[in-house]
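Owing to the predicted nature of the structure, the values given are computational and were not obtained by experimental measurement. Starting from 1, each residue takes its place in the sequence as its number. Both ligands and their constituent atoms are indexed starting at 1 by order of listing.
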Amino acid sequence: MEQIAQDSRLLAATSALAAVGVAAVSFKVFSFLKTLLELYVLKGVSLKKFGAGNGSWAVITGASDGIGKEFAQQLAKNKFNVLLVSRTASKLETIAKEIGDQYGVETKTYAMDFTKGDNADFARLGDLMSNIRVGVLVNNVGTNHDIPTPFTEESDKVIEDIIEVNVMGALKMTKLVLPQMQTNRSGLILNLGSFAGMVPSPYLSVYSGSKAFLSTWTQSLAKEVENQGIIVQNVNTYFVVSSMSKIRRPSFLIPLPKPYVASVLSKIGLACGSNVPFTSTSYPSQGLANWFMNLLSPNFWITQNFNIQKDVRRRALRKRERLAAEAASGSKTA
Ligand SMILES: NC(=O)c1ccc[n+]([C@@H]2O[C@H](COP(=O)([O-])OP(=O)(O)OC[C@H]3O[C@@H](n4cnc5c(N)ncnc54)[C@H](OP(=O)(O)O)[C@@H]3O)[C@@H](O)[C@H]2O)c1
């Protein structure tokens with residue numbers, strides 16, 4: 001009798017464990033199929049919802065190069081007027097003219113240095129936006145450590161610049177445009193995040209922390225305004241060819257800005273491989289990489305990342321030494 005009771009308890013425990021196992025595997029299979037569907041089949045929220053083609057404006061920070069310039073071009077192609085913001089007035093004017101000529105939209109430019117964190121700059125930009133209807137804000141401007149650097153060796157200036165540009169810049173820009181989006185009950189705010197905000201990056205700790213801030217803040221704000229017709233989304237980006245990444249050639253995982261931005265704009269509101277709320281990893285190979293990364297422990301990725309950054313630092317220091325030696329021998333022969 002006792003034996004039968006023990007056997008039935010064992011059977012119940014084994015069945016419960018098997019059910020948990022099946023549920024866990026089914027959940028992973030479902031989440032993988034959902035990721036494939038979102039990356040390759042489904043379309044995101046249409047840009048028309050945010051005023052494309054009806055006189056609305058898109059405001060893009062860091063719009064004179066790389067990913068930001070591409071956002072400006074593709075949003076203009078989708079018939080948004082564009083307000084371009086970055087440091088260098090001459091670059092902004094050239095791009096604004098090209099965009100105006102090519103897409104027949106209105107353009108405005110505003111040159112400011114986000115590292116200064118000057119409230120008067122933001123106030124003037126606010127005035128410029130007070131009589132236009134802003135449908136889209138792309139908080140794209142960002143800055144990084146020059147090379148991977150141990151925290152205590154990093155200069156105060158680099159640390160302050162990263163926080164001023166990546167964190168305060170996004171907060172202040174959003175504070176300028178969100179009230180009118182709330183009045184209009186329509187708006188899209190894209191915050192350029194990074195895998196470095198998802199996987200802590202030793203030796204790039206301040207950049208990594210700034211992007212983690214953006215991720216958490218985006219999620220909180222997105223929830224606050226989701227019932228007001230406004231989408232706030234963290235754009236979870238792995239590498240893209242640009243001057244910031246210092247990568248010149250595209251590869252399977254590393255696109256040029258053009259296909260990268262096209263993927264972002266066509267997948268608004270879809271997670272595409274990310275398991276973080278209000279976050280999208282829209283470029284197909286990066287979305288798949290994100291999904292697979294979530295299978296392994298964060299500890300594993302931090303260690304991998306640290307090894308990579310140590311190696312990048314070693315090579316960057318060797319390059320600096322070589323350039324310094326070349327410069328020294330050049331100045332001797334001159
Ligand atoms: N590229 C990547 O692999 C990658 C990966 C993950 C995340 N991201 C994020 O994507 C965003 C764009 O990166 P990107 O690679 O396209 O950069 P990028 O090619 O270096 O372009 C940066 C843009 O920002 C402007 N800018 C830089 N510092 C500024 C400042 N202090 N004040 C005002 N404007 C400034 C630059 O123009 P001026 O020099 O004329 O001002 C330029 O228009 C960043 O937020 C970055 O963190 C990039």
Side-chain angles (χ1 to χ4, degrees), residues 59-74 82-96 99 109-118 121-122 124-125 137-146 157-158 160-173 189-199 201 204 206-215 217-218 233-251 253-261 263-264 274 279-283 285-286 289-290 305 308 312:
V59 179
I60 303 106
T61 65
S64 59
D65 207 350
I67 298 171
K69 181 177 167 188
E70 194 56 48
F71 267 114
Q73 284 168 330
Q74 294 194 27
V82 288
L83 167 53
L84 314 176
V85 187
S86 77
R87 253 177 325 199
T88 321
S90 57
K91 283 205 261 174
L92 288 173
E93 278 151 23
T94 307
I95 292 160
I99 287 179
T109 62
Y110 187 75
M112 66 181 273
D113 183 346
F114 280 76
T115 63
K116 293 197 175 133
D118 185 347
D121 271 332
F122 286 98
R124 277 190 292 271
L125 184 51
L137 167 65
V138 186
N139 280 315
N140 166 79
V141 68
T143 188
N144 200 345
H145 304 259
D146 188 28
K157 169 89 176 109
V158 167
E160 283 159 17
D161 284 356
I162 292 174
I163 299 303
E164 205 60 65
V165 177
N166 299 9
V167 174
M168 295 309 295
L171 297 183
K172 288 179 180 177
M173 287 301 300
I189 299 177
L190 297 175
N191 296 324
L192 262 288
S194 167
F195 273 43
M198 178 179 72
V199 178
S201 302
L204 297 177
V206 183
Y207 178 78
S208 182
S210 75
K211 295 297 183 180
F213 170 89
L214 269 191
S215 164
W217 170 69
T218 299
Q233 186 170 290
N234 185 42
V235 178
N236 190 26
T237 310
Y238 186 60
F239 287 113
V240 173
V241 171
S242 81
S243 18
M244 181 192 276
S245 68
K246 302 186 180 95
I247 298 172
R248 293 198 185 88
R249 270 200 301 271
S251 60
L253 268 174
I254 304 175
L256 290 164
K258 191 172 184 167
Y260 183 70
V261 169
S263 77
V264 174
S274 170
T279 300
S280 178
T281 312
S282 56
Y283 190 72
S285 57
Q286 298 189 357
N290 195 165
N305 207 355
I308 293 169
V312 174

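Scanning for side chain to side chain contact (heavy atoms under 4.5 Å, CB included) contacts around S201 gives A196, L204, S208, N305, with sequence neighbours left out.
Side-chain contact, S86 with S64: a donor N or O sits under 3.5 Å from an acceptor N or O.
Annotation: side chain of L137 is not in contact with side chain of L190 (no heavy-atom distance under 4.5 Å).
Residues Q233 and S280 come closest through the heavy atom pair NE2-CB, 3.3 Å.
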Applying side-chain hydrogen bond (donor to acceptor under 3.5 Å, both in side chains), run through T218 and N191 and close with a yes or a no. CA-CA 7 Å; T218 299; N191 296 324; 3.0 Å; yes
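Between D146 and K246 there is a salt bridge, since at least one side-chain N of the basic residue sits less than 4.0 Å from a carboxylate O of the acidic one.
Near ligand 1, residues G62, A63, S64, D65, G66, I67, S86, R87, T88, K91, M112, D113, F114, T115, N140, V141, G142, L192, G193, S194, Y207, K211, T237, Y238, F239, V240, S242, S243, M244, S245 each place a heavy atom inside the 4.0 Å sphere around the ligand atoms.
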